[in-house]
Peer 1: 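The following block contains the structure, expressed as structure tokens.
What you are looking at is a predicted structure, and each value in this text was computed from that prediction instead of being measured. Chain identifiers are assigned alphabetically (A, B, ...) following the order of the sequence lines, protein sequences preceding nucleic acid strands; residue numbering begins at 1 within each chain.
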Amino acid sequence: MRGVFSCHQQESHERERTMSETHEQTEGEQAATYDVEAVQAKWQPVWDRLEPFRADDEVVRSGEREKRYALTMFPYPSGDLHMGHGEVTALHDVLTRYWWQRGYEVLNPMGWDSFGLPAENAAIRNDAHPADYTYGNIDTQFESFRKYGASFDWSRRFNTSDPEYYRWTQWLFLRLFEQGLAYRKKSPVNWCPNDQTVLANEQVVDGACERCGAVVTKRELTQWYFRTTAYAQELLDSLDDLQPTWSDKVVNAQRNWIGRSEGAHVDFAVAGREQPITVYTTRPDTIFGTTFMVVAVDAALADELVTDAQRPAFEAYREEIRRETEIERLSTDRPKTGVDLGVTATNPVTGEQIPIWATDYVLADYGTGAVMGVPGGDQRDFEFATVMGLPIVRTTQPPADFEGEAYSGEGATINSPADGAASVGLDLNGMSVADAKSAAIAFLDEQGSGRGTVNFRLRDWLLSRQRYWGAPIPIIHCPVDGEVAVPDDQLPVELPALRGADLKPKGVSPLGGAEEWVNVSCPTCGGPAKRDTDTMDTFVDSSWYFLRYCSPHDDSQAFDPDLVNMWGPCDIYIGGDEHAVLHLLYARFFTKALRDLGLLSFGEPFSAYLSQGKVINNGRKMSKSLGNGVSLGGQLAEFGVDAVRLTLVFASPPEDNIDWADVSPSGSLKFLQRAWRLSGDVTSAPGTAPEAGDVALRKLTHKTVHEAADLIEKHRFNVMVARTMELVNATRKAIDSGCGPADPAVREAVEAVAILLSLVAPYVAEEMWERLGHQPTVARAGWPVVDEALLVEDSVTAVVQVRGKVRGRLEVSPDISEADLEAAALADEAVVRALDGATIRKVIVKAPKLVNIVVG
RNA sequence: GCCGGGUUGGCGGAAUGGCAGACGCGAUGGUCUCAAACACCAUUGUCCGAAAGGGCGUGUGGGUUCGAAUCCCACACCCGGCACCA
């Protein structure tokens, strides 16, 4: 008989035939397969009615059940769900459904990250409003999630583009503004010429816009920033606590991104300038080798220092650098360039005058934007000195076989000071790098011309965007009062109604075109003022959404602190590595800032983070241009929800990529049919006591359930599925050629299978549960109770090794003594043969599993 | 260059100091069938052998250990993060 699971591609007459055959069979013997489509259609309305996954605040508050907060990254609504959503949802559901079965009250919410550029670009293309695109896609994705059997609590859903949500995004912005954690400054910023907006550092990848791939340039603009650097040290330190439960990859990425370095600030006096120039260096021990100073060409300092004579050359050079793209600037193998500014500084330890140059290899926004040039110890300085003909002094003795140019390794300090040089009261000669560092810092500190300091690569988060579809920044600019916060009771500042061509990128925010909206009176003085016309980076929306889920309908506050502190922090967060630094770092920053505002009692939002791999096809990322895309909807139609979910969970450990060309959803379906068939074979009545059942099968059932729990808690879902398959195989055997279908152990095993499968394949599990004579829903049936006594083996196989090779096996009692096991091993025929009369030097016995005989 | 992770059959992967290759995919042979599909059964790391049995085998080379895929050292390659960050 043909498989009955419906396959959309199937010819209709063929389908009729199979349907009628199924019908015939169910009247007579047991049907061999179930109809996937029919089962899906049957259970969805039942679950809608039962709402098994609705999280109840009271149950947790009263202490009746312990809480679990399970979060998975909410999607951006671009079209329908794709394979990646399918994977993360399937993995996430294993854990959340497991928690429900174990008796926890699980908060597992879902919503939409619905502000963002694709909707805006679509609106421009179609002369529409971004909301049309956004909310249409949300409806589609919502339906798909439901069909997918995802265990979300839909009563808590929201969209970040809803005014009821972004009202609180604005409210939180104002709290940070009050604390000085949100501020405006003018500085060179990353500019995407395609999207016509600024980008945060995190959104620039290899000099290109992370979103559209356009080459990023720099612009000098006044923009809003969040002071993430205020939390740099804490963001770094608390990674230590997260390390065991976050993936190494993400922790490492965050550490690298924060980029802490220890060094010193050193002051160089400049004749005729009141303030010295301070440089940042990680190698204060090399200060005697400082033969020049370099200042970032685009820093205000360079412009200020340059002499009239050098100004034309300087300005010409600066123009040249400004025209360069980030990509050109990032290439490290091009020759060093620069202009002598015509001024000199005093080396604080030698008293020598050194020239000050401007260059593009020094970054204006790192450290102080000025660097001491030590060509003997720094390769970049070496190259610069070589090109410009500046002197080179080595201050660390390189090893004899050293073949580089600048030497930056370990070694004794030399030339500090050089032979015959005037004494300056500091002598580093002969010291190790570490000792010389501290000695130099101590000396400078005493002189008042330097101090030890710590620097971070992390920059403040640039959050303003010159686009429409985001939360307006709730600030009013008043010629008298400056930046004035929109009063809380006037929130939300709603977006003006713009559409189509109004939204075209012009380099300034489209909101500026809505004159009625822009012109307001100042909340402080009542005079004419203008609204800020920028919108917030959408990462602001997602930096606090996990808090809103705890009290999603509260219209009096962003979140209810009691409920947030009760549910939070999230016990698990599942998502992709692409957000390893962006979203995860921002959310961590927000959580710490809100904790310090007294709004939260915890400082880390996500206690555990599981990063799921990608679904690829034929070794490559799925993409339209490669033509290797696989649609989730298509796979669901062909194999059914359960088989696709099972395939995604079973294919590999959650962190690894899944190559769709390597997996077999048809194999998954075959397995599910086998499992389902078991439920029709059971002949004992529901409620039959299992105690009298076949002991071997009972032991396997209990062992499987016990191990499955452990595997799930360790996020080893693929192995948990493998164990379930073994139980199905063993149960099949027991029915066909063992204890038979009427044995109570068979019922116990099949019920366990249904519950285990409810985590992965909810539809077929529900169907099995019903066929076993139970009421829905299997999702809340409860985890089977493991009988510890059944976990003890009657006998175990002991392995006997001779010369490290397995030469014999013995079935022994698990509590056999070492002496008995050794005696049995030495008496074993195969072992005796392998020994072949050789002298036994030593016998290692690890009862009851192993004996190793070492022969001389 | 610096930091992190990895490398196990034809393939996805199990095994985290004690039987390498669980489970599955694929493949081969068989049962059923007029035939095919479905389903079921068997075999499937590799080499020698008719078989019994044996040799070899977890990227490479060394080490620790009675015993190493697992721990240590070095190297190669792959993936990810940072990178003119001083």
Peer 1: Could you give the CG-to-P distance, from A/Asn729 to B/rC25, as a whole number of Å?
Peer 2: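 Computing the A/Asn729:CG to B/rC25:P distance gives 10 Å.
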Peer 1: Evaluate the ring planes of A/Tyr280 and A/Tyr366, with Trp represented by its six-membered ring, and classify them as parallel (under 30°), tilted (30 to 60°) or perpendicular (over 60°).
Peer 2: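 The arrangement is perpendicular - the two ring planes meet at more than 60°.
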Peer 1: Quote, to the nearest angstrom, the P distance that separates B/rC73 from B/rG21.
Peer 2: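 So the two P atoms sit 29 Å from each other.
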Peer 1: So what does A/Lys733 touch, heavy atoms closer than 4.0 Å: a base, only the sugar-phosphate, or nothing?
Peer 2: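 If one applies the 4.0 Å heavy-atom cut-off, A/Lys733 turns out to touch nothing in the nucleic acid.
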Peer 1: Please report the distance, rounded to the nearest Å, between CH2 in A/Trp257 and P in B/rG81.
Peer 2: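 From A/Trp257 CH2 to B/rG81 P: 11 Å.
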Peer 1: What closest approach, in Å, do A/Thr282 and A/Ser261 show between heavy atoms, and which atom pair accounts for it?
Peer 2: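 That closest heavy-atom pairing would be CG2-OG, 3.9 Å.
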Peer 1: Does B/rC84 have its OP1 or OP2 closer than 4.0 Å to a side-chain nitrogen or oxygen of A/Arg334?
Peer 2: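 No, because none of the side-chain N or O atoms of A/Arg334 sits under 4.0 Å from OP1 or OP2 of B/rC84.
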Peer 1: Quick check for you: among B/rG24, B/rG81, B/rG4, whose closest atom lies nearest to any side-chain atom of A/Phe650?
Peer 2: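 The nucleotide sitting nearest to the side chain is B/rG24.
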Peer 1: Filter on salt bridge (Lys or Arg N to Asp or Glu O under 4.0 Å), then keep only pairs touching residues 715-726 of chain A, sequence neighbours left out; what's left?
Peer 2: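 For residues 715-726 of chain A, and leaving out neighbouring residues, the salt bridge (Lys or Arg N to Asp or Glu O under 4.0 Å) pairs sorted by first residue read A/Glu707-A/Arg723, A/Arg723-A/Glu726.
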Peer 1: Using the P atom in both, what is the distance from B/rG54 to B/rA20, to the nearest Å?
Peer 2: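 So the two P atoms sit 13 Å from each other.
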Peer 1: Does A/Val581 reach a base, just sugar-phosphate, or nothing at all? Heavy atoms under 4.0 Å.
Peer 2: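 Answer is nothing: A/Val581 stays at 4.0 Å or more from every strand.
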Peer 1: Starting at the 5' end of RNA chain B, which residue's closest nucleotide do you reach first, A/Ile853 or A/Ser261?
Peer 2: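 It is A/Ile853, whose closest nucleotide lies nearer the 5' terminus.
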Peer 1: When you compare B/rG9 with B/rU46, how far apart are their C1' atoms, in angstrom units rounded to a whole number?
Peer 2: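 Looking at atom C1' only, B/rG9 and B/rU46 are 9 Å apart.
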Peer 1: Report yes if at least one side-chain N or O of A/Arg716 is closer than 4.0 Å to OP1 or OP2 of B/rA15; otherwise report no.
Peer 2: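 For B/rA15, OP1 or OP2 has a side-chain N or O of A/Arg716 closer than 4.0 Å.
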Peer 1: Using whole Å, what does the distance between atom P of nucleotide B/rG13 and atom CG of A/Asn657 come to?
Peer 2: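 It is 9 Å, rounded to the nearest whole Å.
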Peer 1: Could you work out the separation of B/rA27 and B/rC11 based on their C1' atoms and round it to a whole Å?
Peer 2: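 These two C1' atoms come out 11 Å apart once rounded.
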Peer 1: Using the side-chain contact (heavy atoms from CB on, under 4.5 Å) rule, take A/Arg283 and A/Val374 through it: C-alpha gap first, then chi angles, then the decisive distance, then the call.
Peer 2: CA-CA 9 Å; A/Arg283 294 293 303 273; A/Val374 187; over 6 Å; no
Peer 1: In terms of side-chain heavy atoms of A/Val371, which of B/rA86, B/rC82, B/rG18 is nearest?
Peer 2: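 Of all the options, the side chain of A/Val371 is nearest to B/rA86.
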Peer 1: Using only heavy-atom distances, decide whether a donor-acceptor pair under 3.5 angstrom links the side-chain of A/Asn852 to the base of B/rC66.
Peer 2: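 A donor-acceptor contact between them is present.
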Peer 1: When the P atoms of B/rG59 and B/rG10 are compared, how many Å lie between them, rounded to an integer?
Peer 2: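 To the nearest whole Å, 13 Å.
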Peer 1: For B/rC72 versus B/rC79, give the span between their C1' atoms, rounded off to a whole number of Å.
Peer 2: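 Each nucleotide's C1' atom is 24 Å from the other's.
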Peer 1: Given B/rC38, is OP1 or OP2 found less than 4.0 Å from the side-chain N or O atoms of A/Thr33?
Peer 2: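 Indeed not, no polar side-chain atom of A/Thr33 lies that close.
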Peer 1: Provide, to the nearest angstrom, the distance between the CD1 atom belonging to A/Ile287 and the C1' atom belonging to B/rA86.
Peer 2: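 Distance, rounded to whole Å: 13 Å.
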Peer 1: May I ask you to say what A/Gln801 touches in the nucleic acid, namely base, sugar-phosphate or nothing, with a heavy-atom cut-off under 4.0 Å?
Peer 2: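 Touches a base.
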Peer 1: Please tell me if A/Asn252 has a side-chain N or O lying less than 4.0 Å from either OP1 or OP2 of B/rC2.
Peer 2: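 Indeed not, no polar side-chain atom of A/Asn252 lies that close.
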Peer 1: Using the rule given for side-chain contact (heavy atoms from CB on, under 4.5 Å), can you reason through A/Arg809 versus A/Val800, listing the C-alpha separation, both sets of side-chain angles and the distance that settles it, and then say yes or no?
Peer 2: CA-CA 6 Å; A/Arg809 286 159 213 273; A/Val800 187; over 6 Å; no
Peer 1: Using only heavy-atom distances, decide whether a donor-acceptor pair under 3.5 angstrom links the side-chain of A/Asp662 to the base of B/rG12.
Peer 2: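 Donor-acceptor pair under 3.5 Å: no.
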Peer 1: Counting side-chain heavy atoms from C-beta on, which of B/rG81, B/rA14, B/rA86 comes nearest to A/Asn256?
Peer 2: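 From the listed options, B/rG81 comes nearest.
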Peer 1: Determine the interatomic distance between P on B/rU8 and the same-named atom on B/rC3; round to the nearest Å.
Peer 2: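 So the two P atoms sit 25 Å from each other.
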Peer 1: Please tell me which of the listed nucleotides, B/rC66, B/rA22, B/rC25, lies nearest to the side chain of A/Ser664?
Peer 2: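 The answer is B/rC25.
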Peer 1: The side chain of A/Asp378 is closest to which nucleotide in this list: B/rG13, B/rA86, B/rC56?
Peer 2: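 Closest nucleotide among those given: B/rA86.
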Peer 1: For B/rU33 and B/rA52, measure between their P atoms and round to the nearest Å.
Peer 2: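 Result for the P pair: 33 Å, nearest Å.
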Peer 1: Report yes or no: is there a donor-acceptor pair, N or O only, under 3.5 Å between the side chain of A/Lys336 and the base of B/rC84?
Peer 2: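 Answer yes: a donor N or O sits under 3.5 Å from an acceptor.
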Peer 1: Take the protein atom CD of A/Glu822 and the nucleotide atom P of B/rG18, then report the distance between them rounded to whole Å.
Peer 2: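 Rounded to whole Å, this separation is 21 Å.
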Peer 1: Just by distance, with hydrogens left out, do A/Thr797 and A/Glu811 show a side-chain donor and acceptor under 3.5 Å apart?
Peer 2: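 There is such a pair (donor and acceptor under 3.5 Å, judged by atom type) between the side chains of A/Thr797 and A/Glu811.
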Peer 1: How are the rings of A/Phe402 and A/Tyr407 set relative to one another: parallel (under 30°), tilted (30 to 60°) or perpendicular (over 60°)?
Peer 2: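 Answer is perpendicular, since the angle exceeds 60°.
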Peer 1: Starting at NZ of A/Lys670 and ending at C1' of B/rA37, how long is that distance when rounded to a whole Å?
Peer 2: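 After rounding, the reported distance stands at 12 Å.
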Peer 1: Looking only at heavy atoms, what is the nearest atom pair of A/Val764 and A/Leu672, with distance?
Peer 2: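 Closest pair (atom of A/Val764, atom of A/Leu672, distance): CG1-CD2, 3.8 Å.
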Peer 1: Check the side chains of A/Ser652 and A/Asn718 for a donor-acceptor pair under 3.5 angstrom, ignoring hydrogens and angles.
Peer 2: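 Distance-only check fails for A/Asn718 and A/Ser652.
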Peer 1: Evaluate the ring pair (Phe, Tyr, Trp, His ring centres under 6.0 Å) criterion for residues A/Phe292 and A/Phe384: first the C-alpha distance (whole Å), next the side-chain angles of each, then the deciding distance (0.1 Å), finally the verdict.
Peer 2: CA-CA 10 Å; A/Phe292 58 96; A/Phe384 188 77; 5.5 Å; yes
Peer 1: To the nearest Å, how far apart are A/Leu458 CG and B/rC82 C1'?
Peer 2: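 Distance check: A/Leu458 CG to B/rC82 C1' gives 13 Å.
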Peer 1: Hey, is the side chain of A/Asn718 poking within less than 4.0 Å of OP1 or OP2 on B/rA14, counting only N and O atoms?
Peer 2: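 Answer is yes, contact under 4.0 Å.
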Peer 1: Rounded to the nearest 0.5 Å, what separation is found between the NZ atom of A/Lys437 and the OG1 atom of A/Thr413?
Peer 2: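 The distance works out to 10.5 Å.
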Peer 1: Starting at CG of A/Leu672 and ending at P of B/rG24, how long is that distance when rounded to a whole Å?
Peer 2: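 The distance from CG of A/Leu672 to P of B/rG24 comes to 13 Å, rounded to the nearest Å.
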Peer 1: Please pick, from B/rG81, B/rC84, B/rA83, the nucleotide with the shortest atom-to-atom distance to any side-chain atom of A/Ala253.
Peer 2: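 Taking heavy atoms from C-beta onward, the closest nucleotide is B/rG81.
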Peer 1: Nearest to the A/Tyr361 side chain among B/rG13, B/rC84, B/rG24, which nucleotide is it?
Peer 2: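 Minimum distance to the A/Tyr361 side chain belongs to B/rC84.
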Peer 1: Could you please name the option among B/rC66, B/rG5, B/rC82 that lies closest to any side-chain atom of A/Asp248?
Peer 2: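 Closest nucleotide to the A/Asp248 side chain: B/rG5.
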Peer 1: Between A/Arg674 and B/rC40, is there a contact of a side-chain N or O with OP1 or OP2 at under 4.0 Å?
Peer 2: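 Checking A/Arg674 against B/rC40: at least one side-chain N or O falls below 4.0 Å of OP1 or OP2.
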Peer 1: Name the closest nucleotide to the A/Asp656 side chain, picking from B/rA86, B/rG13, B/rC56.
Peer 2: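 In terms of side-chain proximity for A/Asp656, the closest of B/rA86, B/rG13, B/rC56 is B/rG13.
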Peer 1: Where does B/rG30 fall, syn or anti, if syn means a chi angle no more than 90° from 0?
Peer 2: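 Chi for B/rG30 falls in the anti range.
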Peer 1: I want to confirm an ordering. Mapping A/Ile844 and A/Arg809 to their closest nucleotides on RNA chain B, which one lands closer to the 5' end?
Peer 2: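 Here A/Arg809 is the residue nearer the 5' end.
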Peer 1: Let me check I have this right: for RNA chain B, each base becomes ., (, ), [, ] or |, based on Watson-Crick or G-U pairs with both distances under 3.5 Å. What is the full string?
Peer 2: (((((((..(((.....[....)))((((((.......))))))((((....))))..(((((..]....))))))))))))....
Peer 1: So does A/Tyr366 get a side-chain nitrogen or oxygen closer than 4.0 Å to the phosphate oxygens (OP1/OP2) of B/rA86?
Peer 2: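 So the side chain of A/Tyr366 is within the cut-off, an N or O lying under 4.0 Å from OP1 or OP2 of B/rA86.
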Peer 1: Any side-chain N or O of A/Lys846 under 4.0 Å from OP1/OP2 of B/rU65?
Peer 2: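 False: A/Lys846 side-chain N/O out of range (4.0 Å or more) of B/rU65 OP1/OP2.
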Peer 1: What is the nucleic acid contact for A/Arg807, judged by heavy atoms within less than 4.0 Å: base, sugar-phosphate only, or nothing?
Peer 2: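 Since only primed, P, OP1 and OP2 atoms lie under 4.0 Å of A/Arg807, the category is sugar-phosphate.
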